[in-house]
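Working notes, beginning with the structure itself.
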Amino acid sequence: MTVLLPGPLRSEAGGASRLTVTASGTLRAVLDEVADGWPRLGRRIRDERGELRRYVNVYVDGEDCRHLGGLDAPVGDAAEVQVLPSVAGG
């Protein structure tokens with residue numbers, strides 16, 4: 001399965017825009033593998049308790065994970081997970 005990263009997070013993954021991970025089943029399992037392989041990226045996505053940070057939006061196949069069960073959202077083998085930090089401005 002594939003994790004897509006926008007420009008602001010790519011530096012935490014060696015410049016990669018796409019990460020290929022073998023974990024599937026739940027979003028939690030996918031993000032655990034991301035944190036194991038790219039610890040700095042993992043810390044940008046989840047807090048010290050392992051919860052999604054407020055300012056990070058995660059989509060599984062285009063659907064907001066918060067509407068799919070959060071970290072327990074189902075993730076298939078061919079799924080695409082997109083991580084987007086919120087953009088603030090005024």
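All heavy atoms count here, side chains included; hydrogens, waters and symmetry mates do not. Quick caveat, the model's predicted, so the values are computed rather than measured.
In this view, Thr22 and Glu33 satisfy the side-chain hydrogen bond (donor to acceptor under 3.5 Å, both in side chains) rule, not counting sequence neighbours. Applying the side-chain hydrogen bond (donor to acceptor under 3.5 Å, both in side chains) test to Asp61 and every residue at least two apart in sequence or in another chain returns nothing. Applying the salt bridge (charged side-chain N to carboxylate O under 4.0 Å, His left out) rule to Glu12 yields the partners Arg40, Arg44; only residues at least two apart in sequence or on another chain are considered. Legend: residues meeting side-chain hydrogen bond (donor to acceptor under 3.5 Å, both in side chains) with Arg49, ordered by chain and number and at least two apart, are Asp47.
Taking each heavy atom of Met1 and Val81 in turn, the nearest pair found is CE-CG2, 3.4 Å. In terms of heavy atoms, Leu19 sits closest to Ala16 at CD2-CB, 3.9 Å. Closest heavy-atom contact between Arg66 and Asn57: NH1-OD1, 3.5 Å. Across all non-hydrogen atoms, the minimal contact from Ser11 to Pro8 is OG-O, 4.2 Å. The minimum heavy-atom distance between Val56 and Ser86, with the atom names listed, is N-OG, 4.4 Å.
Between the CH2 atom of Trp38 and the CG atom of Leu5 there is a distance of 8.5 Å, given to the nearest 0.5 Å. Taken to the nearest 0.5 Å, the CD1 atom of Ile45 stands 9.0 Å off from the CG atom of Leu27. A distance of 12.0 Å separates CG of Leu41 from CZ of Arg10, quoted to the nearest 0.5 Å.
Hydrophobic cluster membership for Tyr59: Leu84 (Ile, Leu, Val, Met, Phe, Trp, Tyr linked by side-chain heavy atoms under 4.5 Å, directly or transitively).
At distances below 3.5 Å, at least one donor-acceptor pair connects side-chain atoms of Arg53 with backbone N or O atoms of Arg43.
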Mind listing the side-chain donor-acceptor pairs of residues 68-80 below 3.5 Å, one per line with the distance, residues two or more places apart or on another chain?
unit_1	atom_1	unit_2	atom_2	d
Asp72	OD1	Arg28	NH2	3.3
Asp77	OD1	Ser24	OG	2.6

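In terms of hydrophobic clustering, with Ile, Leu, Val, Met, Phe, Trp and Tyr side chains grouped at heavy-atom distances under 4.5 Å, Leu52 and Leu4 are assigned to different clusters.
Checked options Val34, Asp36, Thr2, Asp32; the residue passing with Val21 is Val34 (criterion: side chain to side chain contact (heavy atoms under 4.5 Å, CB included)).
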